[in-house]
Amino acid sequence: MLPTIPTESNSYEECKITSDWLKAHTDVRPVLAIVCGSGLGGLAKTIKDPVILKYQDIPNFPQSTVHGHAGQLVFGTLQGKQCVCMQGRFHLYEGYPVQKITLPIRVFKLMGVQTVILTNAAGGLNPGYRVGDVMVIRDHINMPGMAGNNPLAGLNDERFGVRFPCMSDAYDRKLREMAHEVGEELGFSDFLKEGVYVVLGGPSFETIAECRMLHSMGADAVGMSTGHEVIVARHCGMRCFALSLISNQSVMDYTSKEKANHEEVLETGKERAAQMEQLPGRVVRPAPRVQWQVNIPTQSLSCVRNRSLSRI
Ligand SMILES: O=P(O)(O)O[C@H]1O[C@H](CO)[C@@H](O)[C@H]1O
């Protein structure tokens, strides 16, 4: 007999109930979802014509329990695209099963979302990183997943995706390239990096030995989120782009007096708020209209076409 595996926390039927409820409470039909990290919820202020729905009112939604996570969905438009923004995400250490943490991603899929942008606050493991740097995530190392706590564990529902989804292209290459282009235009090149994010379960911050191990394993920044959401989003075919704000430097040295703390994480978020709020919108903004001009002198023929190239 097959084991009974609890899948109800993010089953197709549960997600459909939530998605139908949301559709009945807003006319916005999002193609873009944004997940805001600790202290980074200010991004929601850049959304036009906001419709706010509190997590406590949404069927099947978990509640935010962490300071710096407001606990509401903001629907509206960003750079002309219909979007939904999670002002507050869920973490393993809050006590939710990993399937529940990632339920909103599947709900967004059922609402029509194609692209997910995620932000987080993270500790800098790469000695070249400074507090306030912004890291475009190239890839992740999912430590809870390696220990069996993967959001796709359990029976697979083919309506979402395949049993064994590929993760070698988890963080969309084009959107990463776009971030560097836009970063250069905005004058962010000095603090814009690209690297590998390692996900831990938390909530305790890492020991010095753990930080050393994580860095030697190839990670540039460490946090307690994002990877689970990206796995679920990729499983159901959404494009992902993610940014880590380096909110503190991980302690790698036994002579250091530094101590990681959540207050510093939130403080760095405030200091880099303006840039963190600008970048996602600019990455998804439709490219400026390009004027193609073709002159064929022999026939004195001029053909001019206007085209708008969409970045997502
Ligand atoms: O990843 P986000 O949600 O930004 O939060 C980060 O900040 C908290 C620690 O200060 C942890 O929850 C860590 O994951």
Side-chain angles (χ1 to χ4, degrees), residues 33-44 55 61-74 85-98 100-105 116-125 129 131-137 139-145 149 151 170-171 195-207 210-211 214 219-233 240-251 258-273 275-277 279-280:
I34 300 168
V35 182
C36 297
S38 287
L40 300 170
L43 189 53
Y55 292 169
F61 245 59
Q63 304 307 309
S64 284
T65 67
V66 185
H67 186 39
H69 292 261
Q72 56 191 25
L73 290 184
V74 182
C85 176
M86 280 184 82
Q87 232 183 352
R89 67 145 58 82
F90 312 110
H91 306 84
L92 272 181
Y93 61 77
E94 291 175 82
Y96 296 116
V98 69
K100 193 77 176 173
I101 288 170
T102 50
L103 171 133
I105 303 294
V116 187
I117 296 186
L118 308 101
T119 67
N120 64 50
L125 295 164
Y129 287 5
V131 170
D133 282 353
V134 175
M135 183 183 87
V136 173
I137 301 186
D139 204 349
H140 74 221
I141 300 172
N142 178 15
M143 298 293 274
N149 200 4
Y171 298 84
V196 174
Y197 175 84
V198 60
V199 190
L200 305 186
S204 48
F205 286 110
E206 305 68 48
T207 64
E210 285 166 346
C211 289
L214 295 169
D220 298 294
V222 54
M224 309 169 193
S225 70
T226 308
H228 325 295
E229 294 146 340
V230 167
I231 289 170
V232 170
C240 293
F241 171 74
L243 293 173
S244 288
L245 171 63
I246 305 303
S247 56
N248 55 290
Q249 258 171 331
S250 299
V251 181
E258 293 292 321
K259 285 173 179 243
N261 64 87
H262 191 55
E263 289 64 42
E264 183 189 5
V265 169
L266 298 182
E267 198 49 45
T268 312
K270 276 189 212 150
E271 284 163 19
R272 263 283 177 254
Q275 292 85 357
M276 286 297 284
E277 286 160 24
L279 205 49

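Atoms within a ligand are numbered from 1 in the order they appear, just like the ligands themselves. None of these values were measured; they are calculated from a predicted model.
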Proximal atoms of ligand 1 relative to Tyr93 (non-hydrogen, under 4.0 Å): 11 (C), 12 (O)

Contact atoms of ligand 1, heavy-atom distance to His69 under 4.0 Å: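 Listed by number with element: 3 (O).
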
Sole candidate of Val134, Ile137, Ile117, Thr226 that passes side-chain contact (heavy atoms from CB on, under 4.5 Å) when paired with Leu243: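 Only one option passes, and that is Val134.
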
His67 and Leu266, any side-chain heavy atoms less than 4.5 Å apart: yes

Best match, Gly37, Ser38, Gly88: closest heavy atom to atom 7 (O) of ligand 1: Ser38

Sub-4.0 Å heavy-atom contact, Ala121 with ligand 1: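 True for this residue.
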
Please state which protein non-hydrogen atom is closest to [atom] and give its distance, to 0.1 Å?
atom                    : value
atom 10 (O) of ligand 1 : His262 ND1, 2.6 Å
atom 3 (O) of ligand 1  : His91 NE2, 2.7 Å
atom 14 (O) of ligand 1 : Met224 N, 3.0 Å

[atom2] on [Y] to [atom1] on [X], rounded to 0.5 Å:
X     : Y      : atom1 : atom2 : value
Arg89 : Met224 : CZ    : CE    : 12.0 Å
Leu92 : Asn149 : CG    : CG    : 5.5 Å
Leu43 : Thr119 : CG    : OG1   : 6.5 Å

Residues, nucleotides or ligands: over 12 heavy atoms within 6.0 Å of Gln63 CD: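 More than 12 heavy atoms, drawn from other residues, nucleotides or ligands, come within 6.0 Å of this atom.
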
Checking the N or O distance criterion of under 3.5 Å, is ligand 1 in contact with [X]?
X      : value
Arg89  : yes
Tyr197 : no
Ser225 : yes

ring-ring contact (aromatic ring centres under 6.0 Å, His included) evaluation trace for Phe90 with Tyr55: CA-CA 11 Å; Phe90 312 110; Tyr55 292 169; 5.3 Å; yes

Mode of Asn120 contact toward ligand 1 - side chain, backbone, both, neither (heavy atoms, under 4.0 Å):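 The part of Asn120 near ligand 1 is both the backbone and the side chain.
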
Exercise: identify the closest heavy-atom pair between Tyr197 and Val222: CE1-C, 4.2 Å

